[in-house]
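Each chain gets a letter, A, B and so on, in the order the sequences are listed, and its residues count up from 1.
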2 protein chains.
Amino acid sequence: MSTRLTKMAENREKLIASARRAFAQQGYAAASMDSLTAEAGLTRGALYHNFGDKRGLLAAVVDQIDSEMAGYAKSVGARAGDAWLGLLAEGAAYIEKALDPEVRRIVLLDGPSVLGDPSQWPSQNKCLQSTRNTIEQLIKDGTLKPVDPEAAAMLLNGAALNAALWIASSANPQAMLPKTLEAFNLLASGFLVKG
Amino acid sequence: MSTRLTKMAENREKLIASARRAFAQQGYAAASMDSLTAEAGLTRGALYHNFGDKRGLLAAVVDQIDSEMAGYAKSVGARAGDAWLGLLAEGAAYIEKALDPEVRRIVLLDGPSVLGDPSQWPSQNKCLQSTRNTIEQLIKDGTLKPVDPEAAAMLLNGAALNAALWIASSANPQAMLPKTLEAFNLLASGFLVKG
DNA sequence: CCTGTCACATACGATATGTATGCCACTTGA
DNA sequence: TCAAGTGGCATACATATCGTATGTGACAGG
């Protein structure tokens, strides 16, 4: 057993966890690398050795959060009655997850600014491909119109994530959530062969 | 005539124009205030006096670009045959305008990170309200289902802006644009009473 | 003509990032 | 078991940028 590699993996986890808290609470730009490494019981030396630079650290954090979101959405979608309801459930799951302040601040606000267009991230690509597969299946079924699957998946995901931002910053989020979900389902039904 | 005030207004315009170039080319974080003020023939003293801080300068730039986008979208929408086609045309106009690298970098990527949720910006609120008014009218017409107008407007705008990001970073933007517009129109038709 | 105000320039301090260097623990091979 | 080497991490330094505090010169009003 390699004590060396396990310790390194532990330190990576510590740094990611600490960065996740710091980025969520203060935002990427305001978060100091000295502070967050100290909170993890390390120094910036470990950080630069493991992640290259501050961007690399954010990428690791975003990847972790994105993977959690993708896993949750997929499990929710699989639990639905059929593929169409699964698609709607996945969208709703994305909106719910994105209501978490941590997700909004890191993935929706700072992520695109620092890392560029989200659709180019490896993790987001997983989510998009999952949605795209479902849509392709539904088109073969004859449930959906023959729309471009990639474009359709991107539009649905984009609308869902944007909706979460809007709901969270509204005066009464609890009241806006059901209205928004209703509108989202209506929107998605535009792809249906028969409404 | 007050030479004083006109000169100040000129300097404000110079700074905004210079900042717009710098933010578009290097991004908000990487753009140096010393450089962009020097390019305008001024110093940071003028900048802090006029805009308070770097955020204030970005807000001014975003407001200018957003106003241009809103004006263009509105004019395109008004030129359409009816209100429903106008809604679709506005969405298409937003996607087209957001294909400009300057708009993407400043308004879609850096803007949300630095200024927070776009739906809270004064300029974006103008756009959303315009779309919302059109939707309310179409609901009264009986053209659209009785969906929440605010939520519907937000979802359409969000999908359009996200689509532009996606198209721009795709391998072949020219080929993706028509496919995306088609999917967008289908999506919006989910709000129609009869497809 | 004189005085005050204001838009802007200049000087300074604080802080954060990235790099270069050094050290110590652990691994590896004989 | 021991010795050499590797590498993960800490430390020190150089650089650059932001925000503030202070100064100054020109325009406006009396």
Between [N] atom [atom2] and [X] atom [atom1], what is the distance in whole Å?
{"X": "B:Lys7", "N": "D:dG25", "atom1": "NZ", "atom2": "P", "answer": "17 Å"}
{"X": "B:Leu47", "N": "D:dT17", "atom1": "CG", "atom2": "P", "answer": "14 Å"}
{"X": "B:Phe51", "N": "C:dC8", "atom1": "CZ", "atom2": "C1'", "answer": "13 Å"}
{"X": "A:Asp53", "N": "C:dT19", "atom1": "CG", "atom2": "C1'", "answer": "12 Å"}
{"X": "A:Glu10", "N": "D:dC9", "atom1": "CD", "atom2": "P", "answer": "11 Å"}
{"X": "B:Arg55", "N": "D:dT17", "atom1": "CZ", "atom2": "C1'", "answer": "18 Å"}
{"X": "B:Leu57", "N": "C:dC8", "atom1": "CG", "atom2": "P", "answer": "14 Å"}

Path from B:Phe184 to A:Phe184 over hydrophobic side-chain contacts below 4.5 Å:
yes
Are B:Tyr28 and B:Leu161 grouped together when hydrophobic residues (ILVMFWY) are joined by side-chain heavy atoms under 4.5 angstrom apart?
yes
Tell me which nucleotide among D:dG19, D:dC9, C:dC8 gets nearest to the side chain of B:Leu42.
C:dC8
Short side-chain N/O contact to C:dA7 OP1/OP2 from B:His49, under 4.0 Å:
yes
Is the distance from OP1 or OP2 of C:dC8 to the nearest side-chain N or O of B:Asn50 less than 4.0 Å?
yes
Identify the heavy atoms of A:Ala152 and A:Val147 that sit nearest to each other, and give their distance.
CB-CG1, 3.9 Å
Exercise: identify the closest heavy-atom pair between B:Leu88 and B:Ala188
CD2-CB, 3.7 Å
If you measure from the Lys or Arg side-chain nitrogens to the Asp or Glu carboxylate oxygens, is any gap between A:Glu39 and A:Arg21 under 4.0 Å?
yes
With a 4.0 Å cut-off on N to O distance, would you call A:Glu68 and A:Arg20 a salt bridge?
yes
What pairs meet the salt bridge (Lys or Arg N to Asp or Glu O under 4.0 Å) rule with one or both residues in residues 146-170 of chain A, with sequence neighbours excluded?
A:Arg132-A:Glu150, A:Asp148-B:Lys179
Check the interface with nucleotides 12-17 of chain C: list each N/O to N/O pair with the protein under 3.5 Å, or write none.
unit_1 : atom_1 : unit_2  : atom_2 : d
C:dT17 : OP1    : A:Ala31 : O      : 3.3
C:dT17 : OP1    : A:Met33 : N      : 3.4
C:dT17 : OP1    : A:Lys54 : NZ     : 3.1
C:dT17 : OP2    : A:Met33 : N      : 3.4

Distance-only criterion, 3.5 Å: show the donor-acceptor pairs between side-chain atoms of residues 90-99 of chain A and protein atoms not counting sequence neighbours.
none

For the helix from C:dC1-D:dG30 to C:dA30-D:dT1, what angle lies between the axis at the first five pairs and the axis at the last five pairs, to 10 degrees?
10°
Just by distance, no angles: are the side chains of A:Asp117 and A:Ser119 close enough, under 3.5 Å, to form a donor-acceptor pair?
yes
Could you check B:Ser169 against A:Gln120 for side-chain hydrogen bond (donor to acceptor under 3.5 Å, both in side chains), going step by step and ending with a plain yes or no?
CA-CA 8 Å; B:Ser169 64; A:Gln120 300 302 312; 3.1 Å; yes
Set of side chain to side chain donor-acceptor pair (under 3.5 Å) partners for B:Asn11, sequence neighbours left out:
none
Numerically ordered, the residues 11-25 of chain A set in heavy-atom contact under 4.0 Å with DNA chain C is none
